[in-house]
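A quick write-up on the structure given underneath.
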Amino acid sequence: QVQLVESGGGSVQAGGSLRLSCTASVSSYDLMCMGWFRQAPGKEREAIVFINTRSSRVYLADSVKGRFTISQDNAKNTVYLQMSSLKPEDSAMYYCATDSRRYVGTYACQLDVQEYDLWGQGTQVTVSS
């Protein structure tokens with residue numbers, strides 16, 4: 001059973017930065033697409049950024065372009081979400097996600113909750129004004 005373990009959430013003032021980590025219990029290269037969703041109370045889960053761990057191509061939602069980046073360390077089976085210029089509306093529970101399918105070759109990662117069936121436990125990010 002693949003496990004995803006997140007860390008790095010917390011509270012920060014608007015304009016500040018945080019870095020989240022997500023470590024997989026299996027090879028991140030094998031997982032191919034790893035990334036992050038977030039969900040605020042009363043709102044739908046929103047895809048924000050994914051990385052193809054084979055090609056290093058990044059897929060980024062418009063809502064966080066220019067502020068959030070994602071990187072990988074396949075040797076550690078870990079992806080990192082670097083968040084900067086944080087806003088109060090970024091406050092949410094952040095979830096790492098991947099999917100259990102195995103792929104030959106490489107494909108585009110989708111920013112679609114229906115594509116992912118493996119989730120971390122979530123880490124809270126709170127941005128105060």
Side-chain angles (χ1 to χ4, degrees):
Q1 181 75 10
V2 176
Q3 291 186 324
L4 302 175
V5 178
E6 301 123 330
S7 62
S11 297
V12 65
Q13 289 192 329
S17 299
L18 280 175
R19 190 177 81 155
L20 308 184
S21 301
C22 173
T23 300
S25 59
V26 299
S27 166
S28 55
Y29 182 89
D30 288 346
L31 294 174
M32 193 175 76
C33 290
M34 290 182 67
W36 297 87
F37 285 77
R38 67 184 179 187
Q39 188 168 21
K43 295 190 176 181
E44 294 186 351
R45 193 165 292 194
E46 173 193 16
I48 52 175
V49 61
F50 269 76
I51 187 167
N52 183 312
T53 58
R54 298 179 185 181
S55 68
S56 299
R57 183 169 178 178
V58 173
Y59 303 82
L60 196 62
D62 289 342
S63 60
V64 299
K65 279 182 179 176
R67 301 189 299 121
F68 290 13
T69 61
I70 189 171
S71 60
Q72 65 186 83
D73 185 341
N74 283 348
K76 296 181 179 180
N77 298 324
T78 299
V79 297
Y80 303 96
L81 175 62
Q82 180 66 49
M83 305 183 290
S84 59
S85 301
L86 283 162
K87 306 174 182 179
E89 51 264 43
D90 293 318
S91 297
M93 187 71 80
Y94 283 69
Y95 297 93
C96 182
T98 188
D99 78 274
S100 58
R101 292 168 292 186
R102 292 295 173 262
Y103 301 90
V104 176
T106 186
Y107 300 88
C109 299
Q110 304 299 317
L111 296 178
D112 183 347
V113 67
Q114 294 185 353
E115 293 295 316
Y116 303 99
D117 60 347
L118 297 174
W119 298 86
Q121 79 282 3
T123 186
Q124 180 68 41
V125 171
T126 303
V127 184
S128 58
S129 57

Legend entry - Heavy-atom side-chain proximity of Arg38 to Val64 below 4.5 angstrom: yes

Legend entry - Residues forming a side-chain contact (heavy atoms from CB on, under 4.5 Å) with Ser128, sequence neighbours excluded: Gln13

Inset, instruction - Hey, could you give me the OG/CD distance between Ser100 and Gln1, rounded to the nearest 0.5 Å? - result: 8.5 Å

Inset, instruction - State whether Lys87 and Asp90 are salt-bridged, where the test is any N-O pair (Lys NZ or Arg NE/NH1/NH2 against Asp/Glu carboxylate O) under 4.0 Å. - result: no

Legend entry - For Leu18 against Gly8, the heavy-atom pair lying closest together: CD2-O, 4.0 Å

Inset, instruction - Report whether Trp36 and Tyr95 are members of the same hydrophobic cluster (ILVMFWY, side-chain heavy atoms less than 4.5 Å apart, transitive linking). - result: no

Legend entry - Cluster link Leu111 to Leu20, ILVMFWY, side chain under 4.5 Å: no

Legend entry - Side-chain donor/acceptor of Ser85 to backbone N/O of Gly15, under 3.5 Å: no

Inset, instruction - Using distance alone, with no hydrogens and no angle criterion, decide if Gln72 and Asn74 have a side-chain donor and acceptor under 3.5 Å apart. - result: yes

Legend entry - Within-4.5 Å side-chain heavy-atom neighbours: Met32 and Thr106: yes

Inset, instruction - Would you give the length of the straight line joining atom CD of Gln82 to atom OH of Tyr80, rounded to the nearest 0.5 angstrom? - result: 11.5 Å

Inset, instruction - State whether the side chain of Gln3 and the backbone N or O of Ser25 hold a donor-acceptor pair below 3.5 Å, judged by distance alone. - result: no

Inset, instruction - Report yes or no: does Ser91 contribute a side-chain atom to a donor-acceptor pair with the main-chain N or O of Val127 at less than 3.5 Å? - result: yes

Inset, instruction - Could you walk me through whether Thr78 and Asp73 pass side chain to side chain donor-acceptor pair (under 3.5 Å), step by step? - result: CA-CA 5 Å; Thr78 299; Asp73 185 341; over 6 Å; no

Legend entry - Side-chain heavy atoms of Cys109 within contact of Tyr116, under 4.5 Å: yes

Inset, instruction - Can you see which heavy atom on Pro88 is nearest to which on Ser129, and at what distance? - result: CG-CB, 3.9 Å

Legend entry - Co-membership, hydrophobic cluster, residues Val125 and Val79, 4.5 Å side-chain: yes

Legend entry - Pairwise side-chain contact, Trp119 with Arg45, heavy-atom cut-off 4.5 Å (strictly under): yes

Inset, instruction - Check Arg102 against Val26 and note the closest heavy-atom contact, atom names and distance. - result: NH2-CG2, 4.5 Å

Legend entry - Close side-chain approach of Met34 to Leu4, heavy-atom, < 4.5 Å: yes

Inset, instruction - Spell out, as yes or no, whether a donor-acceptor pair under 3.5 Å connects the side chain of Ser84 to the backbone of Arg67. - result: yes

Legend entry - Rounded distance (nearest 0.5 Å) linking atom NZ of Lys76 with atom OG1 of Thr23: 9.0 Å

Inset, instruction - For the residue pair Tyr94 and Phe68, categorise the inter-ring angle as parallel (less than 30°), tilted (30 to 60°) or perpendicular (more than 60°). - result: tilted

Inset, instruction - Say whether, by atom type as modelled, one donor and one acceptor occur between the side chain of Gln124 and the main chain of Gly9 under 3.5 angstrom. - result: no

Legend entry - Same cluster (ILVMFWY, side-chain, under 4.5 Å), Val58 and Leu31: yes

Legend entry - Exceeds 12 heavy-atom contacts within 6.0 angstrom, atom CZ of Arg101: yes

Legend entry - Common cluster, Ile51/Val49, ILVMFWY with side-chain heavy-atom separation under 4.5 Å: yes

Inset, instruction - Looking only at non-hydrogen atoms, find the nearest pair between Tyr59 and Asn52 and report the distance. - result: CE1-CB, 4.3 Å

Inset, instruction - Rounded to the nearest 0.5 Å, what's the gap from OG1 on Thr69 to CZ on Arg19? Could you check? - result: 10.0 Å

